[in-house]
Visitor: 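Encoded as structure tokens, here's the structure I'll be asking about.
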Amino acid sequence: MGVFEAIGTESHEEVLFGVDHESGLRTIIAIHNTSLGPALGGTRFYPYPDEEAALRDVLRLSKGMTLKSAAAGLDLGGGKAVIIGDPATLRSEELIRAYGRVVDSLGGRYVTAADVGTTTDDMVLISEETPWVSGLPFSQGGSGDPSPATARGVMASFRAIGERLWRSTDLAGRRVAVQGVGKVGMDLVRRLTEVGAETVVADAEADSVAHAIETYGSTKVSVDEIYDVECDIFSPCALGATLNEETISRLRCVAIAGCANNQLAVDSDIERIVERGILYAPDFVVNAGGVINIAAETGGYSAERAGEMVDRIHDNLVTVFETADIDGVDTHDAAVRFAQRRIDQAGGSRHR
Ligand code: NAD
């Protein structure tokens with residue numbers, strides 16, 4: 001893939017390739033758009049099969065961050081970073097510090113955070129090399145693990161769905177199929193149980209399923225059967241791209257809303273969902289709780305204030321549904337329009 005061609009196709013502002021020969025660091029940082037503010041996005045440390053796969057991933061993910069922050073009403077742009085390699089064997093203090101210096105070289109146009117393969121401990125090390133890092137532990141004045149905030153945001157989405165479909169935000173007695181009970185999915189099950197909803201769960205990890213059954217009284221199904229569960233809401237909380245031609249045809253839900261990124265295998269899968277008469281709550285609107293929680297670090301983190309900010313995901317989703325009605329488009333398209341409107345209003349790159 002030609003690098004400039006790849007960057008141009010997705011309209012990125014800047015892509016930085018960083019190396020540190022001593023530690024073996026190979027990183028790509030993609031700044032997609034800074035119209036609304038500095039580009040915020042996590043660092044993914046992953047054993048990509050080749051550089052092209054890493055570049056494709058960082059370009060795609062950074063663009064997603066632009067839409068997510070814009071739709072969440074944050075004054076932040078979109079960025080993302082990847083470190084190429086297996087964190088289990090390549091991670092070292094030298095490498096993480098060298099990476100922190102690459103982030104620092106961007107002078108604040110990119111602000112990093114933890115993502116797949118990186119931890120809050122890594123962020124602490126990075127903070128010794130650059131101030132442009134977020135998602136530090138509570139003990140360091142940061143916002144800690146974003147997962148509970150993400151789950152809180154998914155609950156706010158469920159209330160918006162309830163209003164639209166059932167004219168009620170009350171989820172008591174509703175049945176939710178949760179695909180993946182990891183950090184976010186498990187906290188979502190906890191919150192659903194608290195409000196009297198019934199949960200059906202599936203996870204590749206038997207221990208996680210057992211925990212959901214014992215602690216929250218969930219019902220279990222296999223990872224394949226989760227698509228066939230008769231429920232009010234199907235909630236993808238595992239990996240991305242689980243909604244495809246085959247799985248969408250099997251769904252027996254009224255709505256879809258979950259925390260996983262990039263839930264649609266291809267964009268046109270939204271048409272299949274619409275044809276099935278299922279209400280789709282776009283992933284990047286629903287799962288913004290984590291980034292909102294990080295944004296709440298600005299001016300000093302307060303869990304209460306962050307929670308109130310996360311709850312506004314309800315209002316954002318209501319606006320997306322209204323935009324879909326007014327513009328006569330599907331909800332995914334409406335969410336992109338909603339986010340793009342804010343970016344266009346900001347009028348061009350600010351943080352260069
Ligand atoms: P996690 O790794 O803690 O949990 C994922 C869970 O999915 C694991 O328990 C795993 O065993 C399970 N799983 C994997 N394949 C599965 C399958 N085929 N069927 C059922 N379960 C399966 O991750 P997480 O932090 O809970 O994030 C979940 C999703 O939400 C990811 O896609 C992530 O990118 C996205 N997300 C997370 C956050 C956050 O704050 N953690 C924020 C935004 C988006």
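FYI, the numbering just counts along the sequence from 1. First listed ligand is number 1; within each ligand, the first listed atom is number 1.
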Visitor: Can you confirm, on distance only, whether ligand 1 has an N/O atom lying under 3.5 Å from any N/O atom belonging to Arg44?
Guide: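 No, there is no polar N/O contact under 3.5 Å.
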Visitor: Going by the order shown, which atoms of ligand 1 are within less than 4.0 Å of some heavy atom of Val223?
Guide: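 Ligand 1 atoms under the 4.0 Å threshold to Val223: 19 (N), 20 (C).
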Visitor: Please determine if Arg56 and Glu52 form a salt bridge, counting it only when a charged side-chain N lies under 4.0 Å from a carboxylate O.
Guide: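 Salt bridge flag = yes for Glu52 with Arg56.
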Visitor: Work out which heavy atom in Ser23 is nearest to a heavy atom in Leu90; give both atom names and the distance.
Guide: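 It is O-CD1, 4.2 Å.
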Visitor: Under the side-chain contact (heavy atoms from CB on, under 4.5 Å) test against Tyr48, which residue among Ile28, Ile83, Val82, Asp86 passes?
Guide: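 It is Val82, the one option of Ile28, Ile83, Val82, Asp86 that forms the side-chain contact (heavy atoms from CB on, under 4.5 Å) with Tyr48.
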Visitor: Decide yes or no for Asn261 and Lys68: does some side-chain heavy atom of the first lie under 4.5 Å from some side-chain heavy atom of the second?
Guide: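 When only atoms from C-beta onward are counted, Lys68 and Asn261 do touch, with a gap below 4.5 Å.
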Visitor: Hey, does Arg190 have a side-chain heavy atom less than 4.5 Å from the side chain of Thr215?
Guide: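 No - every pair of side-chain heavy atoms lies 4.5 Å or more apart.
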Visitor: In the protein, which heavy atom is nearest to atom 8 (C) of ligand 1, and how far is it?
Guide: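 That would be Asp203 OD2, 3.6 Å.
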Visitor: Answer side chain, backbone, both or neither: which part of Thr150 comes under 4.0 Å from ligand 1, heavy atoms only.
Guide: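 The part of Thr150 near ligand 1 is the side chain, not the backbone.
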Visitor: Of all the atoms in ligand 1, which lie at a distance below 4.0 Å from a heavy atom belonging to Gly180?
Guide: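 Those of ligand 1 that fall under 4.0 Å from Gly180 are 7 (O), 20 (C), 21 (N).
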Visitor: Under 3.5 Å between any N/O of Gly240 and any N/O of ligand 1: does that happen in this structure?
Guide: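 Such a contact does not occur with ligand 1.
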Visitor: Purely on distance, is any nitrogen or oxygen of Lys183 under 3.5 Å from one on ligand 1?
Guide: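 Yes - when backbone and side-chain N and O of Lys183 are compared with those of ligand 1, one distance drops under 3.5 Å.
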Visitor: Within a distance under 4.0 Å of any heavy atom of Ala260, pick out the atoms of ligand 1 and give their elements.
Guide: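 Here the atoms of ligand 1 in question are 29 (C), 30 (O), 32 (O), 35 (C).
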Visitor: With a 4.0 Å cut-off on N to O distance, would you call Asp121 and Arg91 a salt bridge?
Guide: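 No, this pair does not count.
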Visitor: Heavy-atom distance to atom 20 (C) of ligand 1: which of Gly182, Ala288, Ala202 wins?
Guide: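 Result: the heavy atom closest to atom 20 (C) of ligand 1 is in Ala202.
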Visitor: Could you check whether any side-chain heavy atom of Ile278 comes within less than 4.5 Å of a side-chain heavy atom of Phe234, counting everything from C-beta outward?
Guide: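 No, too far: nothing below the 4.5 Å cut-off.
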Visitor: A cation-pi test, strictly: NZ or CZ of Arg109 under 6.0 Å from the centre of the six-membered ring of Trp132 and no more than 45 degrees from its axis. Yes or no?
Guide: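 Verdict for Trp132: no cation-pi partner in Arg109.
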Visitor: Could you find the nearest protein heavy atom to atom 28 (C) of ligand 1 and give me its residue, atom name and distance?
Guide: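 Protein heavy atom at minimum distance: Cys237 O, 3.4 Å.
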Visitor: Could you list which atoms of ligand 1 come closer than 4.0 Å to a heavy atom of Asn287?
Guide: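 Every atom of ligand 1 under 4.0 Å from some heavy atom of Asn287: 43 (C), 44 (C).
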Visitor: Between Ala149 and ligand 1, which residue portion shows a heavy-atom distance shorter than 4.0 Å: side chain, backbone, both, or neither?
Guide: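 Ala149 to ligand 1: no contact under 4.0 Å from either part.
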Visitor: Under 4.0 Å between a Lys/Arg side-chain N and an Asp/Glu carboxylate O for Asp228 and Arg250?
Guide: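 So Asp228 pairs with Arg250 through a salt bridge.
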Visitor: Please check if the number of heavy atoms outside Glu51 that lie under 6.0 Å from its CD is greater than 12.
Guide: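 No, not enclosed.
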Visitor: Which heavy atom of the protein is the closest neighbour of atom 36 (N) of ligand 1, given with residue, atom name and distance?
Guide: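 Closest protein heavy atom to atom 36 (N) of ligand 1: Cys259 O, 3.5 Å.
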Visitor: Looking at atom 32 (O) of ligand 1, what's its closest protein heavy atom, distance included?
Guide: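 Here the closest protein heavy atom is Ala238 O, 2.8 Å.
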Visitor: I need the atoms of ligand 1 closer than 4.0 Å to a non-hydrogen atom of Pro146, numbered in the order shown.
Guide: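 Answer, ordered by atom number: 40 (O).
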Visitor: For Tyr46, is the OH atom crowded, meaning more than 12 foreign heavy atoms sit under 6.0 Å from it?
Guide: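 For Tyr46, atom OH is not crowded (no more than 12 foreign heavy atoms under 6.0 Å).
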Visitor: Where is the nearest protein heavy atom to atom 27 (O) of ligand 1: which residue, which atom, and how far?
Guide: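 Checked against all protein heavy atoms, atom 27 (O) of ligand 1 sits closest to Val184 CG2, 4.1 Å.
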Visitor: I need the nearest protein heavy-atom contact for atom 33 (C) of ligand 1: residue, atom name and distance, please.
Guide: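 For atom 33 (C) of ligand 1, the nearest protein heavy atom comes out as Asn261 ND2, 4.1 Å.
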